[in-house]
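One structure is given below, encoded as structure tokens.
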2 protein chains.
Amino acid sequence: MPDIKHFDPDEVLERVERLFWQRGAAATGIAEVVAATGLSRSSLYATYGGKQDLYVKALRRYVEQRSQPMFEALSGDGRGLPAIAAFFDRLIEARCAGEHARWGCMATNANAEGTDPDVRRLLDRHHDRLRAGMRAALAAAEAQGQLRPGADLDASAELLALLAYGVNTRSRAGADPDALRKGASAALDSLRRENP
Amino acid sequence: MPDIKHFDPDEVLERVERLFWQRGAAATGIAEVVAATGLSRSSLYATYGGKQDLYVKALRRYVEQRSQPMFEALSGDGRGLPAIAAFFDRLIEARCAGEHARWGCMATNANAEGTDPDVRRLLDRHHDRLRAGMRAALAAAEAQGQLRPGADLDASAELLALLAYGVNTRSRAGADPDALRKGASAALDSLRRENP
DNA sequence: GCCATCTTGGACCAGACGTTCCAAGATGGG
DNA sequence: CCCATCTTGGAACGTCTGGTCCAAGATGGC
């Protein structure tokens with residue numbers, strides 16, 4: 001057998017993902033990728049293809065490794081509205097403080113960037129999973145009598161998903177986390193049954 | 001008096017605005033601006049400065065000439081919840097069909113692009129105006145007894161503003177307008193008084 | 001330890017980028 | 001009609017871009 005790669009492709013892809021996430025695809029040059037990963041251009045192109053392939057692979061990693069676990073946790077959390085509240089609390093915390101503060105959500109950012117069909121497909125899947133997570137949490141809430149009667153679960157799930165995009169968008173520009181929390185609370189309060 | 005400009009600076013700026021709006025700042029080259037406007041590089045640089053200045057001026061024009069009139073119409077529309085419903089209807093229609101379909105909102109897109117302080121200031125003002133418009137419409141709704149009792153007007157205004165960002169974000173990726181409408185309706189329904 | 005096979009470093013490329021520059025042209029007060 | 005003053009077209013600039021290429025190095029089956 002011939003020579004093998006001298007690096008872990010997924011570990012490198014994670015560094016690339018973080019770079020594109022923070023700075024955006026168009027604003028990030030191959031030279032920066034080379035610097036951040038320590039790889040040479042040859043290894044980069046041989047492993048991932050050109051810049052656009054690299055971006056799509058990084059975005060796919062983001063969606064699968066970062067977003068989806070959150071969405072599945074939301075789906076599987078049977079508490080109902082408290083599960084949704086916890087989702088937004090953790091989201092806003094992650095978006096406004098710590099290592100990834102003001103990076104926004106890579107998928108939300110990607111909506112504004114290009115029109116690449118591969119990217120669009122990833123974003124549609126991302127949205128479907130997010131909405132499905134919200135839908136599942138809302139169903140649990142309804143089953144426990146937490147919801148205002150007559151609430152449309154599908155429409156409310158869409159609303160909550162769109163709200164998450166709004167949080168992601170504004171957090172990247174440095175929005176006040178308390179304002180974002182108030183917005184999320186308003187959504188939950190308006191779904192909640194009045195006299196429980 | 002010496003020679004005067006052979007073009008209307010604001011008319012040209014509008015073409016530039018549309019270019020940056022549709023394609024994004026980073027993805028648009030000066031060569032495209034030259035082609036779209038018919039101006040020469042000299043006139044462009046003499047009138048607006050470099051690319052970043054040009055982008056900021058275009059974004060300012062967008063916020064002032066396109067967004068703010070909508071926000072003021074919302075503020076001044078005394079109907080309450082129907083005013084908010086009309087706002088979202090028109091928003092979704094404009095984002096998904098017609099000349100600007102799938103362009104998103106230039107200000108929402110700008111959140112994802114750079115971290116330029118001038119841009120951020122514009123976006124903060126944009127957000128304040130949007131939220132203020134929602135707040136005014138909600139106050140009118142409350143005055144007319146349309147609102148669920150106990151609703152927090154400030155928090156609900158923030159929620160509706162964030163929802164608008166979500167609509168803008170997803171519409172750029174080609175979201176189904178009916179899904180967006182359902183999301184907006186869910187927000188309004190959950191604010192509405194149950195037995196009017 | 002040899003060698004076919006793959007990886008790696010880094011030089012290199014053509015083209016696109018934003019920006020500058022200046023000669024030529026247009027303008028209108030005098 | 002002249003001339004000071006500004007605008008305009010387009011050539012030119014250095015830099016940076018994404019991408020290619022190949023000699024040198026590493027690997028492991030034999």
Side-chain angles (χ1 to χ4, degrees), chain A residues 1-61 106 109-110 113-119, chain B residues 1-60 109-110 113-119:
Chain A
M1 200 204 283
D3 198 358
I4 59 169
K5 287 191 195 305
H6 301 178
F7 61 95
D8 176 351
D10 186 68
E11 194 177 301
V12 165
L13 191 57
E14 196 219 330
R15 297 195 76 91
V16 177
E17 170 199 331
R18 295 159 58 86
L19 208 56
F20 281 137
W21 178 7
Q22 184 181 11
R23 329 226 310 141
T28 305
I30 292 291
E32 295 176 79
V33 175
V34 167
T37 59
L39 262 61
S40 68
R41 290 169 124 81
S42 326
S43 309
L44 216 50
Y45 277 83
T47 309
Y48 307 101
K51 185 187 179 182
Q52 186 63 15
D53 306 88
L54 184 54
Y55 174 71
V56 171
K57 287 183 168 77
L59 178 60
R60 172 170 296 120
R61 191 187 189 282
M106 188 179 177
N109 299 343
E113 292 234 40
T115 56
D116 182 293
D118 288 338
V119 170
Chain B
M1 199 203 282
D3 199 358
I4 59 169
K5 287 191 196 305
H6 299 180
F7 60 94
D8 175 350
D10 185 68
E11 193 177 302
V12 164
L13 190 57
E14 197 219 329
R15 297 194 76 92
V16 177
E17 170 200 332
R18 295 159 58 88
L19 209 57
F20 281 136
W21 179 8
Q22 184 181 11
R23 330 228 307 142
T28 306
I30 292 290
E32 295 176 80
V33 175
V34 166
T37 60
L39 262 61
S40 69
R41 290 168 125 82
S42 326
S43 310
L44 216 51
Y45 277 84
T47 309
Y48 306 100
K51 185 186 178 180
Q52 185 63 15
D53 306 88
L54 184 55
Y55 174 71
V56 171
K57 287 183 169 76
L59 179 60
R60 173 169 296 121
N109 300 343
E113 292 233 40
T115 56
D116 182 292
D118 288 338
V119 170

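The sequence lines fix the lettering, A, B, ..., with proteins before strands; numbering per chain opens at 1.
Note: OH (B:Y45) to C1' (D:dA12) measures 14 Å, nearest angstrom. Atoms CD (B:E32) and P (C:dC17) sit 7 Å apart, rounded to a whole Å. Rounded to an integer number of Å, the gap from CZ of A:R41 to C1' of C:dA14 is 14 Å. Distance CZ (A:F7) to C1' (D:dT27): 15 Å, rounded to an integer number of Å. Rounding to whole angstrom units, CG of residue B:L44 and P of C:dG18 are separated by 11 Å. Rounding to whole angstrom units, OH of residue A:Y48 and P of D:dG19 are separated by 16 Å. Atom CD1 of B:I30 is separated from atom P of C:dG15 by 22 Å (rounded to the nearest Å). The distance from atom NZ of A:K5 to atom C1' of C:dT8 is 11 Å, rounded to the nearest whole Å.
A pairwise comparison of heavy atoms in A:W21 and A:N109 identifies O-ND2, 3.7 Å as the closest pair.
The nucleotide whose nearest atom lies closest to any side-chain atom of B:S42 is, among C:dC17, D:dG19, D:dG10, D:dG10.
Residues B:Q52 and B:H6 both approach DNA chain C. Their nearest nucleotides, taken by heavy-atom distance, put B:Q52 toward the 5′ side.
A donor and an acceptor atom, one from each side chain of A:S43 and A:K5, are nowhere located under 3.5 Å apart.
Checking the phosphate oxygens (OP1, OP2) of D:dT8, a side-chain nitrogen or oxygen of B:S43 falls inside 4.0 Å.
A distance-only check finds a donor-acceptor pair linking the side chain of B:E32 to the backbone of B:G29 [under 3.5 Å].
With hydrogens and angles ignored, no donor-acceptor pair under 3.5 angstrom links the side chain of A:S40 to the base of C:dG10.
Within the 4.0 angstrom heavy-atom criterion, no nucleotide atom of any strand lies near B:T47.
Heavy atoms from other residues, nucleotides or ligands lying under 6.0 Å from CZ of A:R61 number more than 12.
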